[in-house]
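Below you'll find the structure, written out as structure tokens, and then a few comments.
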Amino acid sequence: MKRMRAIDANRIFLASVIFSQGMIYLVSGVGVRDRMVLQILVQLFLATPAIAYLFMQGISLKEGLSVRAIGWKEGLLLVPLALCVNKLAEFINVFSQLFTVNTISESMTELIVKYPFPFAFFTIAVVPAVCEEALCRGVLYRGYRNCGRWVAILLTAFLFAILHMNPNQFFYAFALGIIFALVNDITESILPSVLLHLYINGRSVVLLYLSVKGGEEVLQEQVTLTSAMIREHLLLILPWTVVSVAGIVLIVFLLVRCRERREQRKVSLFRREEIEPKSEPGGLATVYSPALVAGVLICIAYMILRMGN
């Protein structure tokens, strides 16, 4: 059963990659060129195979995506966690610009300049937070979880990162994916990662939109950074990044304590938990299948093509 769940997740990942990219090419081919419409459609197409799988299996969205209410203490802890995670993502994003191109800022700038704030916020913040989390921290994580907590956390973080098909986004998306999945595992709900994802994307939209008042030239200056400017920025935010990492560790510890009090049992993030019978194999060997490799290779190929353009 464990093996079949992982294989199903791999097939869903491959189907999501093929369906989302194939449908976007099809939609573009019939004349749809509006960036906002395409941005929304690619996210919806990305989540469609996962939702279709739940429907065919007779699994409700609430159960399949682990949509569960969290306690007020966990909810309050998400506020400082969002601030700390955003600072970590900022540092990784800036650092990666030493050897990658920040193309996502350019596309975001185009949406911010062209559309009113509510439309840009919905397109860049709300839709990805819902669709990407439904796929990665919902269906895929559920499929891999029985192979081991950390196998599921690291693999879904990697798939989340590579689905962006952008070298610059890959690095901080991978870090965010680990934290999102870890927090979801502790709280046993997808809601924390949706809210954290929404905050991080939404904050970027708000800051870019406010910068519009300074003129489009100001936005372009934020997008185009020299190596010297990047290094200076890294040194400036490094102390805050260290504090943020310490804060993330502390908040994760507090979330674990909240779960311990709720369940009245000791919880360990590093002890191996066997959900399926112990006679079945676990670990990475349980996760591998040709569908997983094919999906990853398609994302890499698409990433290389985008870099060439």
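Here the straight-line distance linking atom CD of Gln21 with atom SG of Cys299 works out to 7.5 Å at 0.5 Å rounding. Put simply, CG on Leu41 and CE on Met23 are 8.0 Å apart, with the number rounded to the nearest 0.5 Å. Rounding to the nearest 0.5 Å places CD1 of Ile124 at 12.5 Å from CG of Leu198. With rounding to the nearest 0.5 Å, the separation of CD1 in Ile70 from CD1 in Ile186 is 12.0 Å. Distance SG/Cys258 to CD1/Ile251: 11.0 Å, rounded to 0.5 Å. To the nearest 0.5 angstrom, Leu292 atom CG is 6.0 Å from Leu155 atom CG.
Of all non-hydrogen atoms in Ile92 and Ala175, the two that sit nearest each other are CD1-CB, 3.5 Å. The heavy-atom pair separating Ile230 from Val94 by the smallest distance is CG2-O, 3.3 Å. Residues Gln43 and Cys131 come closest through the heavy atom pair O-CB, 3.5 Å. Residues Phe174 and Leu154 approach most closely at CE1-O, 3.8 Å, considering heavy atoms. Across every non-hydrogen atom of Ser268 and Arg149, the tightest pair is O-NH1, 3.2 Å. Asn168 and Ser96 make their closest contact through ND2-OG, 2.8 Å (heavy atoms, listed as atom of the first residue, atom of the second, distance).
A donor and an acceptor atom, one from each side chain of Ser193 and Glu133, are located under 3.5 Å apart. In this structure, a donor-acceptor pair under 3.5 Å is absent between the side chains of Asn166 and Tyr302. Asn184 and Tyr141 are not linked by any side-chain donor-acceptor pair at a separation below 3.5 angstrom, with hydrogens and angles left out of the test. Between the side chains of His233 and Gln97, no donor N or O sits under 3.5 Å from an acceptor N or O.
Here Glu63 does not pair with Arg68 in a salt bridge; the nearest charged N to carboxylate O distance is not below 4.0 Å.
The cationic group of Arg137 lies under 6.0 Å from the six-membered ring centre of Phe160 and within 45° of the ring axis, placing it in a cation-pi geometry.
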For Tyr172 and Leu88, what are the C-alpha separation, side-chain angles and deciding distance, and is it a side-chain contact (heavy atoms from CB on, under 4.5 Å)? CA-CA 8 Å; Tyr172 67 80; Leu88 174 62; over 6 Å; no

Given the rule in the salt bridge (Lys or Arg N to Asp or Glu O under 4.0 Å) test, do Glu90 and Arg203 qualify, once you have shown the distances and angles that lead to the verdict? CA-CA 11 Å; Glu90 178 187 353; Arg203 181 179 180 276; 5.2 Å; no

Please test Glu74 against Arg257 for salt bridge (Lys or Arg N to Asp or Glu O under 4.0 Å), starting from the C-alpha separation and ending with a verdict. CA-CA 10 Å; Glu74 288 94 334; Arg257 291 299 300 272; over 6 Å; no

I'd like to know whether Asn86 forms a side-chain hydrogen bond (donor to acceptor under 3.5 Å, both in side chains) with Tyr199, so could you lay out the CA-CA distance, the side-chain angles of the two residues, the decisive distance to 0.1 Å, and finally the verdict. CA-CA 8 Å; Asn86 185 80; Tyr199 170 78; 5.1 Å; no

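Linking ILVMFWY residues whenever their side-chain heavy atoms come closer than 4.5 Å, directly or via other members, places Leu163 and Tyr25 in the same cluster. Using a 4.5 Å cut-off between side-chain heavy atoms of Ile, Leu, Val, Met, Phe, Trp and Tyr, with links allowed through other members, Val127 and Val42 fall into different hydrophobic clusters. Trp72 and Leu195 are members of different hydrophobic clusters when ILVMFWY side chains are connected at heavy-atom separations under 4.5 Å. In the hydrophobic cluster analysis, where Ile, Leu, Val, Met, Phe, Trp and Tyr join through side-chain heavy atoms closer than 4.5 angstrom, Ile18 is grouped together with Ile304. There is no path of hydrophobic side-chain contacts, each under 4.5 Å, that joins Phe55 to Ile12.
Residue-environment remark: CD (Glu188) exceeds the threshold of 12 foreign heavy atoms within 6.0 Å. When the shell of 6.0 Å around CZ of Phe117 is examined, it contains more than 12 heavy atoms from other residues, nucleotides or ligands.
Glu260 contributes no side-chain N or O that, together with a main-chain N or O of Arg265, makes up a donor-acceptor pair within less than 3.5 Å. Between the side chain of Arg259 and the main chain of Asp185, a donor-acceptor pair closer than 3.5 Å is present. Side-chain atoms of Asn10 come within 3.5 Å of backbone atoms of Val287 as a donor-acceptor pair (strictly under, hydrogens ignored). Here the side chain of Ser204 pairs a donor or acceptor atom with the backbone of Ile200 at under 3.5 angstrom.
Checked against a 6.0 Å centroid threshold, the rings of Phe121 and Tyr115 do not count as neighbours.
Using a 4.5 Å heavy-atom threshold, the side chains of Trp240 and Phe91 count as separate. Considering only heavy atoms from C-beta on, Val205 stays 4.5 Å or farther from Asn201 through its side chain.
Here the rule is side-chain contact (heavy atoms from CB on, under 4.5 Å) with Cys84, and of Ile248, Ile179, Thr241 only Ile248 fits it.
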